[in-house]
Amino acid sequence: MARVAHLIEHHGVRANEILAVTFTNKAAQEMQTRLEKTPYSVKEPVRWLGTFHSISAKLLRRHAELVDLKANFTILDSDDQLRIIKQLLKVNNIDDKRWPARMLAGIIDDWKNRALTPDKVPTADAGAYNNKGVELYAQYQTRLRELNAVDFGDLLLHMVTIFQTHPDVLEQYQRWFRYILVDEYQDTNIAQYLWLRLLAGGHKNICCVGDDDQSIYGWRGAEVGNILRFEKDFPGAHVVRLEQNYRSTPHILAAASNVIRGNESRLGKELWTDKPEGEKVRLIGHWDGEEEARWIGEEIDAMQGGTRGVRPMNLDEIAILVRASHQMRAFEDRFLTIGLPYKVIGGPRFYERMEIRDAMAYFRLVVSPEDDLAFERIVNTPKRGLGDKAQQTIQRTAREHGVSLVQGARIAVEQGLIKGKGGAALRDLVEGLARWNAMTRGPRIEIEDDSVIDDGTAPVRYGPPEVSHIELAQIVLDESGYTAHWQNDKTPEAPGRLENLKELVNQLDNFENLQGFLEHVSLVMDNEQDSGGPKVSIMTLHAAKGLEFPAVFLPGWEDGLFPSQRSMDESGLKGLEEERRLAYVGITRAEEVCTISFAANRRVFGQWQNAMPSRFIDELPEDHVEVLTPPGLYGGGQMSAGIETRAAQANVYNSPGWKRMQSRQGQYGMSQPRESRNTVIDATAVASFTLGERVFHQKFGYGGVVGIEGDKVEVEFDKAGTKKVVAQYLSAKDDVPF
DNA sequence: TAGAATGTCGTTTTT
DNA sequence: CGACATTCTA
């Protein structure tokens, strides 16, 4: 960052000649604030600072017509994307059981990450998705154009295409962005790399910051090769190695270094620091995931109260970093019960919530009535008595007339194709949409020819709207019945959803019109409202990239979870090494205190499963780690309490009259617990693992496969939940005394 | 058509 | 377990 400021200060570079690119919005914000805090006198803001995606979106709006789009295209999220793909599969008579839509979405994303348009997909990939991948990809792109929409991948891909096919446009931006700065370069994929290389092609004033040991996005097409090839791409590049670390204590640094040493493919570097020694990295094992959450909760309390032997910590200084987002739940549950304030970062985003997406769909339709996806989403939300049949009628009418769904609906209403209550409700909706759309503009002025219909081509202009976009948004939500829908809803979530809708409308204040707002929401907005004082952060290791915290907890270090079994199965050693880099990233997020933990037992899909401690734990340097549990047994003392708790819980869930309201997206109504679930057993066994020279023993339980140094006890359940020992290769309890 | 019951399957990681 | 699809019922 200082580098940017330096350019501005000493080389007469103007702030708006700089293009600064990050991967995440958080990093962009961070850059912005750092820039403001810099010792240099930056007078004007760096205007072109943002993520690859947000900058690409801005550029693409200027040149949309070059790729057959209109400037007001909508940006689809992965939900919309999936819906379109499902529709395509249906049209093509493809069984999405055997060939899931998700898979195709992944393949398409992958191609887009590699900057491959349908015509450029290499023949080697022709077999993808049952030989139909490329064909469907082409259809998908066509459909997106029809909808005047792009997905995330398109934002970059379209810009690369434009740069490649329109040298004049490219040159304009090469002149414009005379200096380019890229953060986290090790995570660029091919599309991003081309994007950068094209833009920097003329002047080659490009500065990239990155660390090959922190490359954790291989699965998203990131190419560490980009960073290794940098000097070749930009001959004469000056490489600066930064090996002094200003963040972590020596113990933490040593732990991280020792783990990452296990990787074979790396450039290799030795980090050092002149920070005071601090405390060792701490390691603790637990009986199960709930105990782990409980223990961490207590630790945080103690840290906050200053009774933990380290300086008193503010909740903002503490983070819990998990491998997979499902791990977050145990912590949320626990922290809610003990009233510990927390925030989930990078969890479900604000705009991904059902009510926000519904509201946005209404806004989208108001702004652009041809947005069929938005129409499909809200025709029957709130319930208007328009079921499958009615919706099919609308679809058919639209198709017959070659018009959008809204138009189709209007025709269907006029021709009386939909009878009864549904018909009346649809008429209301269609009329409402027309009315609201008209409210986005003021009165029509400068009519040159009365005979010209306002179809978008007529030379008409409008005065300023009479209603502000904020009022309009409120009107749309109220008149459509959407607000009432949630007011009448009795589920416990309803008040929160109304609250969110209010927040959504409030946010509009920061924008000039609905359009600008829609763009912001789809690209930037997250659920961080940062209100109500300091909070513990809970996030994935991936989301923690680039961040730092005085105190970090790293739970769930079990083989299979971390390193992730899937990563190892799918990518072998490469996968394992990426997992190890993730471990490295995790440890190095900590400035002063780092606590690693694991649990012997965890519930997976409602079944108890157990796991060995992560192999990365074996790679921790003994001298820099303090093991909190004595080398006897991990979590042993908790066992009986654990089983009692769970048995009690199972009784509640399995009691015959027990019912529960469901109130999730799309689903409604009551559901009963199923017999075969919530099984509990009390089988225990012991396994050992090593840390440096020392051997530790760990007790497992709860059934499933119980591992003992290669030998095992297997337990199975029948439908009624009766336990049965399938195989017992070793007598568990007798082997290790405890 | 809406709601209720039953069936099936999945947990990496994200802009 | 819980999300989602499918099938059954009023």
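Within every chain, numbering begins at 1; the chains are lettered A, B, ... in the order of the sequence lines, protein sequences first and strands thereafter.
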Q. Of all the choices, B:dT15, C:dC1, B:dT1, which nucleotide is nearest to the side chain of A:Phe605 once you look at every atom?
A. C:dC1

Q.
OP1 or OP2 of B:dT14 versus the side-chain N and O atoms of A:Thr540: is any pair under 4.0 Å?
A. yes

Q) If the C1' atom of B:dT13 is compared with that of C:dC4, how far apart are they to the nearest Å? A) 23 Å

Q: Could you state the atom-to-atom distance from CG of A:Leu321 to P of B:dT14 in whole Å?
A: 12 Å

(Q) Taking ring-ring contact (aromatic ring centres under 6.0 Å, His included) as the cut-off, I'd like each qualifying pair that reaches into residues 74-95 of chain A, sequence neighbours left out, listed once. (A) none

Q. Starting at NZ of A:Lys90 and ending at P of C:dA5, how long is that distance when rounded to a whole Å?
A. 10 Å

Q: Quick one: label A:Arg102 by what it contacts on the DNA or RNA (base, sugar-phosphate, nothing), any heavy atom closer than 4.0 Å.
A: nothing

Q.
Return whichever of A:Leu386 or A:His542 has its heavy-atom-nearest nucleotide of DNA chain B closer to the 5' end.
A. A:Leu386

Q) Roughly how many Å is it from CZ in A:Arg589 to P in B:dT13, rounded to a whole number? A) 19 Å

**Q.** For A:Ile345 against A:Ser537, the heavy-atom pair lying closest together
**A.** CD1-OG, 3.8 Å

(Q) In whole Å, I'd like the distance from the CG atom of A:Asp79 to the C1' atom of B:dT15. (A) 15 Å

Q: Mind calculating the distance between CD (A:Glu184) and P (B:dT14) to the nearest angstrom?
A: 14 Å

Q) What is the distance from CG of A:Asn113 to P of B:dT15, rounded to the nearest Å? A) 13 Å

**Q.** A:Ala543 side-chain proximity, nearest of B:dT15, B:dT14, C:dG2
**A.** B:dT14

Q: If the plane angle is over 60° it's perpendicular, under 30° parallel, otherwise tilted; pick one for A:Trp486 and A:Tyr482.
A: perpendicular

(Q) Testing the basics here: between A:Ala293 and A:Phe331, what is the closest heavy-atom pair and its distance to 0.1 Å? (A) CA-CE2, 3.7 Å

(Q) Are A:Tyr217 and A:His542 an aromatic pair, judged by ring center distance below 6.0 Å? (A) yes

Q.
Please report the distance, rounded to the nearest Å, between CZ in A:Arg329 and P in B:dG10.
A. 19 Å

Q | Members of residues 213-226 of chain A that approach DNA chain B, where some heavy atom sits under 4.0 Å away | A | A:Tyr217, A:Trp219, A:Arg220

Q: Could you point out which residue of A:Asp151, A:Thr117, A:Asn189 forms a side-chain hydrogen bond (donor to acceptor under 3.5 Å, both in side chains) with A:Lys112?
A: A:Asp151

Q: Starting at atom CG of A:Asn25, determine the distance to atom P of B:dT15, rounded to an integer number of angstrom.
A: 8 Å

Q: Select from A:Ser78 and A:Ser564 the residue whose nearest nucleotide in DNA chain B is closer to the 5' end of that strand.
A: A:Ser564

(Q) So, using side chain to side chain contact (heavy atoms under 4.5 Å, CB included) as the criterion, who are the partners of A:Ser564 when residues are at least two apart? (A) A:Arg323, A:Arg566, A:Ser567, A:Glu579

Q) Considering only side-chain heavy atoms of A:Lys383, which listed nucleotide, C:dC1, B:dA2, B:dT15, is closest? A) B:dA2

Q: Pick base, sugar-phosphate or nothing for A:Lys86, based on heavy-atom distances below 4.0 Å to the nucleic acid.
A: sugar-phosphate

Q.
So, OP1 or OP2 of B:dT1: does either fall under 4.0 Å of a side-chain N or O from A:Arg384?
A. no

Q. For A:Gln391, which contact category applies under a 4.0 Å heavy-atom criterion: base, sugar-phosphate, or nothing?
A. nothing

Q) When all nucleic acid strands are considered with a 4.0 Å heavy-atom cut-off, which category describes A:Ser325: base, sugar-phosphate, or nothing? A) sugar-phosphate

Q | Distance test, side-chain N/O of A:Asn380 to OP1/OP2 of B:dA2, below 4.0 Å | A | yes

Q) So, A:Tyr193 versus A:Trp195, ring centres under 6.0 angstrom or not? A) no

Q) Within the pair A:Lys389 and B:dA2, is there a side-chain N or O less than 4.0 Å away from OP1 or OP2? A) no

